[in-house]
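Below you'll find the structure, written out as structure tokens, and then a few comments.
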Amino acid sequence: MISDPELDGTGETRPAQPAERTQEPPPRGREADGAEARRPWLWALGGAALASAVWAGGLYALGYRLAAPQVSYRATENLCQDFEARALSRIAGGLHRYRPQNRQDDHPAVHRAICSLQNGESVSTLTVRVQVDLHRKTDPGPEFDVPSDLFFAEPDAVRTQEVRGLGERALLSSGLREGTVELRVLRGGAVFTVVVIGTGSEPKTPADTAALRAAMVEDARELMTALKEQGAG
């Protein structure tokens with residue numbers, strides 16, 4: 001805007017100075033709703049969403065690691081072939097001569113292999129049942145101390161002892177039935193089970209003796225070595 005000339009103290013006129021522009025204060029409250037005002041909120045929301053996604057992903061990864069235990073053993077295709085039972089055969093005679101029965105089930109959660117052996121054709125004084133469970137989804141450790149179905153009818157009469165130096169944990173259990181002994185070994189997601197049922201009759205078939213238990217431990221150890229994956233710790 002052009003203004004009239006101003007009068008100074010000398011009576012002379014001189015052009016008036018242009019009027020100073022007054023800067024308007026920045027908008028407040030609801031008026032500050034432009035893109036610049038929204039930008040900090042967008043950054044904050046984006047950062048919160050990213051942090052939430054990272055947190056959720058971390059929980060998922062952690063849960064997956066906890067649910068899927070490490071399995072350092074291969075899935076056997078013929079357990080009766082891998083389980084040589086040399087120590088038990090020294091006690092009760094050759095266990096592989098009388099129609100070994102081999103069975104396996106490859107489930108997405110658990111790979112299970114079972115082998116049944118005996119030291120006689122029609123009459124057997126020693127029967128051996130071996131089972132290998134490779135758990136792929138859940139950790140079998142928390143349930144390892146639960147007594148097996150073998151002693152379901154006599155849970156209070158089960159005698160259990162720890163076996164040191166075999167897997168992560170190993171348990172030898174026996175019940176009221178004479179000559180029935182079970183060895184279970186835990187190592188990561190793998191559970192090895194050896195069940196021996198002996199009558200105690202001749203020849204060379206002790207029912208529940210230290211020699212029988214020692215043979216079960218030895219044969220289980222050899223089986224674990226035979227199935228161990230190369231390079232596994």
Side-chain angles (χ1 to χ4, degrees), residues 69-89 91-92 95-96 100-107 109-119 124 126-155 157-198 207-229:
Q70 181 180 3
V71 178
S72 303
Y73 300 91
R74 63 178 174 86
T76 176
E77 298 179 357
N78 190 326
L79 183 56
C80 289
Q81 181 178 347
D82 291 320
F83 182 69
E84 298 183 1
R86 292 187 295 181
L88 287 170
S89 294
I91 294 176
L95 291 169
H96 287 81
Q101 298 180 8
N102 186 76
R103 183 169 60 89
Q104 62 182 7
D105 181 18
D106 191 9
H107 190 273
V110 180
H111 180 278
R112 172 168 295 170
I114 299 175
C115 170
S116 297
L117 304 172
Q118 59 188 28
N119 67 342
S124 177
L126 188 72
T127 302
V128 180
R129 184 179 186 273
V130 186
Q131 181 171 319
V132 178
D133 293 324
L134 303 181
H135 296 259
R136 297 165 172 166
K137 300 295 184 181
T138 57
D139 183 9
E143 300 178 358
F144 185 70
D145 289 305
V146 178
S148 68
D149 295 339
L150 186 65
F151 307 107
F152 180 78
E154 45 181 6
V158 178
R159 296 168 296 171
T160 302
Q161 66 180 86
E162 292 269 357
V163 180
R164 297 185 178 182
L166 185 62
E168 295 178 16
R169 293 192 61 197
L171 299 175
L172 262 172
S173 303
S174 60
L176 292 177
R177 290 183 293 175
E178 185 178 3
T180 302
V181 186
E182 180 191 61
L183 170 65
R184 288 187 298 135
V185 184
L186 172 69
R187 179 66 185 274
V191 178
F192 300 82
T193 305
V194 180
V195 177
V196 171
I197 301 176
D208 182 9
T209 66
L212 185 65
R213 292 174 175 237
M216 295 172 64
V217 172
E218 180 179 344
D219 287 341
R221 192 188 307 276
E222 290 188 359
L223 175 62
M224 295 174 66
T225 301
L227 296 183
K228 193 170 185 178
E229 294 276 9

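Remark: R221 engages no residue in a side-chain hydrogen bond (donor to acceptor under 3.5 Å, both in side chains) (not counting sequence neighbours). Every residue two or more places apart in sequence or in another chain that forms a side-chain hydrogen bond (donor to acceptor under 3.5 Å, both in side chains) with S124 is listed here: N119. F192 is linked by a ring-ring contact (aromatic ring centres under 6.0 Å, His included) to Y73, counting only residues two or more places apart in sequence or in another chain. Under the side-chain hydrogen bond (donor to acceptor under 3.5 Å, both in side chains) criterion, N102 pairs with no residue at all, not counting sequence neighbours. Residues meeting the side-chain contact (heavy atoms from CB on, under 4.5 Å) test with A75, sequence neighbours left out: H111, L134. Residues satisfying the side-chain contact (heavy atoms from CB on, under 4.5 Å) test with Q81, not counting sequence neighbours, are N78. Taking the side-chain hydrogen bond (donor to acceptor under 3.5 Å, both in side chains) definition, one finds that Q104 meets it with nothing, sequence neighbours left out.
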message = Between L212 and L88, does the side-chain contact (heavy atoms from CB on, under 4.5 Å) criterion hold? Intermediate values first, please.
response = CA-CA 7 Å; L212 185 65; L88 287 170; 3.7 Å; yes

task = Please lay out, stage by stage, how V132 and L79 fare under the test side-chain contact (heavy atoms from CB on, under 4.5 Å).
result = CA-CA 8 Å; V132 178; L79 183 56; 3.9 Å; yes

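Note on E182 versus R184: salt bridge recorded, some NZ/NE/NH1/NH2 to OD/OE distance being below 4.0 Å. Between R112 and D105, no side-chain nitrogen of the basic residue sits less than 4.0 Å from a carboxylate oxygen of the acidic one, so the salt-bridge criterion is not met.
Rounding to the nearest 0.5 Å gives a distance of 4.5 Å between OG1 of T180 and CD1 of I197. In this structure, the separation between CG on L186 and CG on D139 is 7.0 Å, given to the nearest 0.5 Å. For the atom pair CG of L227 and OG of S72, the computed distance is 12.0 Å after rounding to the nearest 0.5 Å. For the atom pair CG (L171) and CG (L183), the distance works out to 8.5 Å, reported to the nearest 0.5 Å. Taking CZ of R129 as the start and CD of Q118 as the end, the distance is 14.0 Å to the nearest 0.5 Å. Note that CG of L126 is 9.5 Å distant from CG of L117, once rounded to the nearest 0.5 Å.
Applying the salt bridge (Lys or Arg N to Asp or Glu O under 4.0 Å) test to pairs two or more places apart or on separate chains, those with a residue in residues 76-87 are R74-D82, E84-R86, R86-E222. Judged as a salt bridge (Lys or Arg N to Asp or Glu O under 4.0 Å), the pairs with a partner in residues 140-150 (not counting sequence neighbours) are, in order, D145-R169.
The side-chain heavy atoms of V217 and L166, taken from C-beta on, include a pair separated by under 4.5 Å. At least one side-chain heavy atom of V130 sits under 4.5 Å from a side-chain heavy atom of L223. Contact check for V194 versus D219: no side-chain heavy atoms found under the 4.5 Å cut-off. Between V181 and V195 the shortest side-chain heavy-atom distance does not fall below 4.5 Å. Put simply, the side chain of H135 does not reach to within 4.5 Å of the side chain of V71, judged on heavy atoms.
Side-chain atoms of R103 and Q101 form no donor-acceptor pair, as typed in the model, at a separation below 3.5 Å. R213 and S174 share a donor-acceptor pair across their side chains, judged by distance under 3.5 Å alone.
Put simply, the side chain of R136 gets close to the backbone of H107: a donor and an acceptor are under 3.5 Å apart.
Closest approach of P140 to P69, counting heavy atoms only: CD-CG, 4.2 Å. Contact between C80 and S116 at its shortest, heavy atoms only, is SG-N, 4.1 Å. Considering every non-hydrogen atom in both A85 and L95, the closest pair reads CB-CD1, 4.1 Å.
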